[in-house]
Protein chains: 2
Amino acid sequence: MSKALNLKTAEIEKISHLDYFNIAISVDCVIFGYDDKDLKVLLIKSDLEEFEGLYSLLGDLVRPDEDLETASYRILKERTGLDDVYLEQVQAFGSLDRHPSGRVITIAYYSLIDIRNHKLKLENNELHWHSVKTIKKLAFDHKMILDTCLMRLQQQVMENPVVFNLLPEKFSLRELQELYEAILGYELDRRNFRKKISIKDWLTDINEMETDVPHRPGKLYKLKAEHRKRSGVRRNTVTRVVSV
Amino acid sequence: MSKALNLKTAEIEKISHLDYFNIAISVDCVIFGYDDKDLKVLLIKSDLEEFEGLYSLLGDLVRPDEDLETASYRILKERTGLDDVYLEQVQAFGSLDRHPSGRVITIAYYSLIDIRNHKLKLENNELHWHSVKTIKKLAFDHKMILDTCLMRLQQQVMENPVVFNLLPEKFSLRELQELYEAILGYELDRRNFRKKISIKDWLTDINEMETDVPHRPGKLYKLKAEHRKRSGVRRNTVTRVVSV
DNA sequence: AATTTAATGTGTTATAAGTACATATTACGT
DNA sequence: ACGTAATATGTACTTATAACACATTAAATT
C-alpha cells in the first residue's frame, strides 16, 4: 500500500502521492442513552486547546487495517466496554476547516445503548452522559453531527424497532412512550400510541408487572426475538474483529 | 498539516503518522438520468486490469484542499460539463478490500440530471448511459453503491420534489408518472397518482400543451419555483468553488 | 379499614389519506 | 368521417391518523 493507487484519470498522477494521503479519516460515534425520561449522549471533554472547556463526541482515526464499522465498534468497546450495541452509519462530514489540526474527514455513526443495565467504565475515562436537549455547543462540528444523527434517529423511530436498544429487556408501555416522547421532543396521546404499537406487533406480553412504582403497576413487555437486531450492520463478522 | 494530529487518545501516538495517512478517500457519483421511459446511470469503462470489461461509477480521489461536495461537483463538471446539478450524499463505503490497489474509503453521492436538455460531452470521455435495471455487475463495490443510492432515491421520491431534476422544465403528468414508475420499478394508478401530486401542490399549470405526440396532447406543467432546489447541499457556496 | 391518589387500560367517532376502479373527451392518423 | 390512443376526471371503500373520557387498580395516606 505504499505505492500510488492507479486510479482513474491520468490527471491524478500529476499530483504527488503524499498530497492525497494528507487527509485523515475518523469515525465519530453519537452514543445515545436513555435515563430519567431524557435522551442522553455520551461526551468527553475535548483535549484540544482550541476547544478548551467544550465537549466532543467519541471518535478516533480509522486504522488502515480496519473497516469503518470495525473502527466504530472499537471506539465503543474502548470507551464504554460494550460490544453488543446497535450502530448505524449516518453521514460523512468533510469540511476543510472542521478540524483545527488538519484535514480530517469523519464518518458519523449513531449508537443506542441501555444506560442502566450496562455498567460503563465511564469515570476513569472522563466520559459523561449529557442531556441532548441542553447541549448548545460542542467541539469541532460535533453539534451539527449530533443534530444530524438525532434527526436520523427521529426518522427511524416509528418505522423500525430500534429504540428498544435504549431500554432494558423488560419495559412497560409507559416507559416506551416516554422514550418516544424524549426522542421526538413532543408528547404523544397514550391511547393512539398504544394502538400504533400494538398494530406493529413488535412486543410480547410477558405476564409480569412493574414493581417498585408508586402507583398502579403496568404490564411488562419484551421485544419479540425476530425484531431484535442490535445493529444495522452485519455484526457477526464485525464484532469479532473488535472484541478479540 | 504535516505534523501529527493531536487527536484524543495517547494510544494513537504509538502508531506512526504514515500509517494513518495510508488511507485514500474518494467520492463516487451515481449519476442518474432519465430517457426513453427508463432510469439510466452514467458509467465509465474501468481502467483497472482487475476489472477488465466492467463498468464503474464516476469517481475520483478527494483533494486535500476541497471538501466532499466540492469534489463531487468537480467530478460532475469534469465528466459531464454540468455544474448545475442536484447532488446528495448517501453513504460511505469503507471495506478493506473494496479497492484492489489499496485502502480507499469512498463517499457515495447520487446526482440527478436531465439527459435530454443538457448536452453532455460523453463520447470523448468513454462515458455511457446504462439502463439501471439491466446492470448486473460493476467494478469495485459499485453495484452495491448503485443499489444503495437507488434505494435512497426511491425513499425520497414521494416526500421531496427531487425527480424534477431528471425532467425538462416543462413536462406532462404522463411523463412525470412514467418517471416515477421507472424509479420505483412498479406501475402506478393514473388517477391516484394525479391526486397525490396535486395535493402536494408542487406544480403550476403553464397553459401549454404537449406537441409532437401521436395522440391527444396533455397539459404541460412546471415545478413551482419555491420547490426548485437543485441540490441537497448549500450550493451557493459550493458550486462557485467548482465552476470558477 | 376507608379514602385519596396517580397511574393503567380500553373504545368511539371524525377526519384524512390511500386504493380500486370506469366513462366521457380530445386530438391525431388514416 | 372514423377509429385510435391517450387525456381528464370522481366516487365508493378501506385504512390510518387524531381527538377525546371513563372505569379500574394498587399504592400511599389518613
Side-chain angles (χ1 to χ4, degrees), chain A residues 34-38 154-161 163 167-168 170-223, chain B residues 34-38 154-161 163 167-168 170-223:
Chain A
Y34 175 67
D35 194 21
D36 193 25
K37 305 188 184 179
D38 202 26
Q154 289 171 338
Q155 283 165 19
Q156 305 238 316
V157 117
M158 272 306 180
E159 282 134 44
N160 297 104
V163 295
L167 287 177
K170 304 171 180 182
F171 49 86
S172 69
L173 292 177
R174 174 182 38 78
E175 290 176 294
L176 184 61
Q177 181 178 343
E178 285 166 353
L179 171 55
Y180 270 87
E181 291 173 338
I183 291 172
L184 295 172
Y186 52 84
E187 298 200 340
L188 300 169
D189 178 88
R190 185 154 45 100
R191 282 162 292 183
N192 293 339
F193 176 77
R194 284 166 186 239
K195 195 193 302 173
K196 209 160 181 176
I197 293 293
S198 87
I199 286 168
K200 305 245 185 244
D201 198 33
W202 288 339
L203 306 184
T204 42
D205 180 341
I206 56 172
N207 289 311
E208 292 181 48
M209 303 299 268
E210 284 183 297
T211 52
D212 300 320
V213 284
H215 53 75
R216 175 181 175 185
K219 288 185 180 179
L220 292 177
Y221 294 82
K222 263 188 192 177
L223 181 65
Chain B
Y34 174 67
D35 194 20
D36 194 25
K37 304 188 185 181
D38 201 27
Q154 289 171 339
Q155 283 165 18
Q156 304 239 317
V157 118
M158 273 306 180
E159 282 135 46
N160 297 103
V163 295
L167 288 177
K170 304 171 180 183
F171 50 85
S172 68
L173 292 176
R174 175 182 37 78
E175 290 175 295
L176 184 61
Q177 182 178 343
E178 285 167 354
L179 171 54
Y180 270 87
E181 290 173 340
I183 291 172
L184 295 172
Y186 53 84
E187 299 200 341
L188 300 169
D189 178 87
R190 186 154 44 98
R191 282 161 292 184
N192 294 338
F193 176 77
R194 285 167 186 240
K195 195 195 302 174
K196 209 161 180 176
I197 293 292
S198 87
I199 286 167
K200 304 245 184 245
D201 198 34
W202 288 340
L203 306 183
T204 42
D205 180 341
I206 56 172
N207 289 312
E208 291 181 49
M209 304 298 270
E210 284 183 298
T211 53
D212 302 319
V213 284
H215 52 75
R216 174 180 176 187
K219 289 185 183 180
L220 292 178
Y221 295 82
K222 263 188 191 175
L223 181 64

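Only this structure's heavy atoms are used, side chains among them; waters, hydrogens and symmetry mates stay out. Order of the sequence lines sets the chain letters (A, B, ...), proteins ahead of strands, with each chain counted from 1. Bear in mind that the values here come from a model prediction, so they are computed numbers and not experimental data.
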- Going 5' to 3' through nucleotides 23-30 of chain C, assign each nucleotide B (protein heavy atom under 4.0 Å from a base atom), S (under 4.0 Å only from sugar-phosphate atoms) or - (no protein heavy atom that close). --BBSS--

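Distance, B:F193 CZ to C:dG18 C1': 15 Å, rounded to whole Å. Counting to the nearest Å, the C1' atom of D:dT7 and the NZ atom of B:K219 are 10 Å from each other. If you take CG of A:D205 and P of C:dT8, they are 15 Å apart, rounded to a whole angstrom. Atom CD1 in B:I197 sits roughly 14 Å away from atom P in C:dT19 (whole-Å rounding). Atom P of nucleotide D:dA8 and atom CG of B:L173 are separated by 7 Å, given to the nearest angstrom. Rounded to a whole Å, the OH atom of B:Y180 is 16 Å from the C1' atom of C:dG18. Separating the CD atom of B:E208 from the P atom of D:dT7 is a distance of 17 Å, rounded to the nearest angstrom. The separation between B:Q177 atom CD and D:dT7 atom P is 9 Å, rounded to whole Å.
For B:D212, there are no side chain to side chain contact (heavy atoms under 4.5 Å, CB included) partners at least two apart in sequence or on another chain. Listed by chain and number, the residues in a side chain to side chain donor-acceptor pair (under 3.5 Å) with A:K170 are A:E208 (sequence neighbours excluded). A search for side chain to side chain donor-acceptor pair (under 3.5 Å) contacts involving A:D35 returns A:R116, not counting sequence neighbours. Residues that satisfy the side chain to side chain contact (heavy atoms under 4.5 Å, CB included) test with B:P217, not counting sequence neighbours, are B:M209, B:E210, B:V213. Partners of A:R216 by side chain to side chain contact (heavy atoms under 4.5 Å, CB included), not counting sequence neighbours: none found. Remark: B:E178 engages B:K37, B:R174 in a salt bridge (charged side-chain N to carboxylate O under 4.0 Å, His left out) (not counting sequence neighbours). In terms of the side chain to side chain donor-acceptor pair (under 3.5 Å) criterion, residue partners of A:D201 (sequence neighbours excluded) are, by chain and number, A:K224. Among residues two or more places apart in sequence or in another chain, the side chain to side chain contact (heavy atoms under 4.5 Å, CB included) test is passed with B:N192 by B:D189, B:K195. Partners of A:Q155 according to the side chain to side chain donor-acceptor pair (under 3.5 Å) rule, which considers only residues two or more places apart in sequence or in another chain, do not exist here.
Five base pairs at each end of the helix from C:dA1-D:dT30 to C:dT30-D:dA1 define two local axes, and these are offset by 10° (rounded to 10°).
Between A:I183 and A:Y34 the shortest side-chain heavy-atom distance does not fall below 4.5 Å.
Base contact: A:R194 has a heavy atom under 4.0 Å from a base atom.
Proximity of a side-chain donor or acceptor of A:Y180 to a complementary backbone N or O of A:V163 within less than 3.5 Å is not detected.
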Restricting both atoms to N or O, compile the protein contacts to nucleotides 16-19 of chain D shorter than 3.5 Å, with distance only.
{"residue": "D:dA18", "atom": "N6", "partner": "A:K195", "partner atom": "NZ", "Å": "3.1"}
{"residue": "D:dA19", "atom": "N7", "partner": "A:N192", "partner atom": "ND2", "Å": "2.9"}
{"residue": "D:dA19", "atom": "N6", "partner": "A:N192", "partner atom": "OD1", "Å": "3.2"}

